[in-house]
Amino acid sequence: MHSIRMKITAMTIAAILTSLLTFIVIGFFTLGKENDQNSVEKMNLLSQNAAQTADARLHSLKTAVDITAHIAEHSLDTVNLKNYGVSLASLDITWRTPEQRKQLDTFMQKHLREVQQAFGNVADYTSGIVSYYYYINPEIGTSEQGFFYSKIGKPSFVKNDSMISARPDPADKENSAWYFEPVTKGRACWVGPYKAHLLGKLPTVSYVMPIYNYGVLIGVLGMDTLFYSITSPVQAMRVYDTGFAFLLNDKGRIIFHPSISAGKTPEEISIGLSANMFQEPNNGNHLIRYKMNGEERQLSFSTLSNGMKLVVTAPVAEIFSTWRQTARFILLAAIAILAVFIVATLFIAGALTKPLLQLAQASQKLASGNFNAKLDYDGEDELGILTRSFRQMRDHLQMYISDLNSRAYSDALTGIKNKGAFDIYAGRLNNSIKLSAEQDGPEFAVVMFDCNWLKEINDAYGHERGDIYLRATSHAICETFTHSPVFRLGGDEFATLLQGSDYKHRDELLQAFDKKTEEVAATVSHPWEKVDVARGIAVFRPGEDAGVEQVLRRADEQMYENKRQLKLVETPTQPAY
């Protein structure tokens, strides 16, 4: 058993311990390692968000080239260029017939039209694209060179034949990398950033893919976007107050920085950084800090689709400025915790006194005869024991009173309602009559029953047989008037109050009752088993009857009139039994 004093003491100790533990946990984790981890997570999130923004253009460019390359390969699948003398073993055009050369040129014209149409449709819906092209391998010996479309300085893509006619030079690695790098690798790849001579030496990033047919290089198709479209969101990014973002190439060299020229390595601009740190796709959960110009900084990085590393960096002092916010939070949290415990203490005190209040209210209601008092406290302390005991006492008392009421308003012999119950029903109807208009009121009727020959049965066969006679009569009345209360008013008199459906079908029910008494009389052999009853019925008359008494009186008169009529057919010396 837990006492109230123990509960209050336990709650007070728990409150103090909880407060102390809360402050210790918050102080330790917030001002220690948790702060470092949170800073890494936040920097990583900033890096990932920036990478997604910068990568969106690269991804759309790659998707556009992949779609067009698929169309180009499908176009080549419809024919075997060997039929035109094109194979790894016969790239020399001198081995081809004039007819084969003509057929090859015709096919390549058709092939280029299909690819150009697809490329143009895709390029129109790809943001940031400044040029797209398909350069045909000169060694396959076709007069078709491909196509080149650009919109530098133009509102839309414009074809430029002079650009595609220039043959890529293997010695010019920067200007020809867009062609020779995917050919060398044998797969699609990113090229750049580089200064594209076809685009006015503007820094460019390209995604290019070689197209093959049965091992023969047909050409290289690709798309270009200006490096500015990638650096623009990077340059606009802000980390904390003065932090920023920059880009490294896949070899760890700077290719874009707000204040440092391209080409430098991390070792050249800082203390604590090296190119090897950027070999992974991202820094994960690792904390990377370094010094630059005497200032300690922290960074996180992510990898873009083309292999570039997007790095976000901020001064450690700015990152640690959140400690001040944490300190304020701890102070506010302490105040809030104290306030919560104050409120909790008040709540607990109220919770402890609530059962006492319920017991007091229940006692008052019980004294006035109301047993519906709410007693829902079920604790294991003293109040819980007292509440359960009081609830048990109340329920037992209610049961005893209910049993007494049942006995007081039930007829001991027949089990039906007695005269006291009839008076209660009559009182309710009288109240309803008083509350209704003069010409309106409840619809009801009273049927009176009187057992004939009860005295003679008692005298001739004894009162035990007379009791059987009364119970048989009660049973017959109850079986007929199933939806109406039946009362034994005393001695051999019974009554029923008809309302609702019984009231509406009262004539049918009276006929059914008469028929039942006849059936009983025909099936039994002893007089005390018969049901020989005089009955009378009276209907409530609004405006004429002041209450149930008047209706009962008329029903009684009707019953005695019926009794006289029944006795006229009986021989005085030969009763019906």
For the ring pair [X] and [Y], is the centre-to-centre distance below 6.0 Å?
X      : Y      : result
Phe487 : Phe422 : yes
Phe444 : Tyr503 : no
Phe513 : Phe449 : yes

Between [X] and [Y], is any pair of side-chain heavy atoms under 4.5 Å apart?
X      : Y      : result
Val486 : Lys417 : no
His286 : Val40  : no
Val311 : Ser47  : no
Asn452 : Val533 : no
Glu493 : Met448 : yes
Cys451 : Leu470 : yes
Val312 : Met237 : yes
Arg289 : Leu287 : yes

* Asked: Run the side chain to side chain donor-acceptor pair (under 3.5 Å) check on Asn283 and Asn44 step by step: do they pass?
  -> CA-CA 8 Å; Asn283 59 287; Asn44 286 348; 3.0 Å; yes
[X], [atom1] atom: more than 12 neighbouring heavy atoms under 6.0 Å:
X      : atom1 : result
Glu508 : CD    : yes
Glu549 : CD    : yes
Glu41  : CD    : yes

* Give me the one residue out of Asp66, Leu58, Thr225 that meets side chain to side chain contact (heavy atoms under 4.5 Å, CB included) with Tyr207. => Asp66
* Structure fact -> With Phe119 as partner, the option from Thr68, Asp124, Ile67, Ile71 fulfilling side chain to side chain contact (heavy atoms under 4.5 Å, CB included) is Thr68
Has [X] got a side-chain atom pairing as donor or acceptor with [Y]'s backbone, closer than 3.5 angstrom?
X      : Y      : value
Ser432 : Arg428 : no
Asp556 : Leu552 : no
His74  : His70  : no
Thr63  : His59  : yes
Asp502 : His483 : yes
Asn121 : Gln117 : yes
Arg541 : Ala538 : no
Asn562 : Arg535 : yes
Gln550 : Gly547 : yes
Thr482 : Glu479 : no

If the threshold is 4.0 Å, N to carboxylate O, is there a salt bridge linking [X] and [Y]?
X      : Y      : answer
Asp545 : Arg554 : yes
Glu519 : Lys516 : no
Asp467 : Arg471 : no

* To do: List the atom of Val239, the atom of Thr313, and the distance in Å for their closest heavy-atom pair.
  => CB-O, 3.9 Å
* **Least distance between heavy atoms, Ile416 atom then Arg488 atom** => CD1-N, 3.6 Å
* To do: Using the side chain to side chain contact (heavy atoms under 4.5 Å, CB included) rule, take Ile537 and Val446 through it: C-alpha gap first, then chi angles, then the decisive distance, then the call.
  => CA-CA 6 Å; Ile537 184 171; Val446 177; over 6 Å; no
* Pick out which of Tyr469, Tyr461, Trp453 makes a ring pair (Phe, Tyr, Trp, His ring centres under 6.0 Å) with Trp528. => Tyr461
* **Residue list, side-chain hydrogen bond (donor to acceptor under 3.5 Å, both in side chains) with Glu529, at least two apart or on another chain** => His526
* To do: Go through the steps to decide whether Asn458 and Arg465 satisfy the test side chain to side chain contact (heavy atoms under 4.5 Å, CB included), and finish with yes or no.
  => CA-CA 7 Å; Asn458 283 334; Arg465 300 290 191 271; over 6 Å; no
* **Tyr240 six-ring face occupied by Lys42 cation (under 6.0 Å, within 45°)** => yes
* Test log, rule side chain to side chain donor-acceptor pair (under 3.5 Å), inputs Thr242 and Glu318 -> CA-CA 8 Å; Thr242 62; Glu318 294 180 6; 2.4 Å; yes
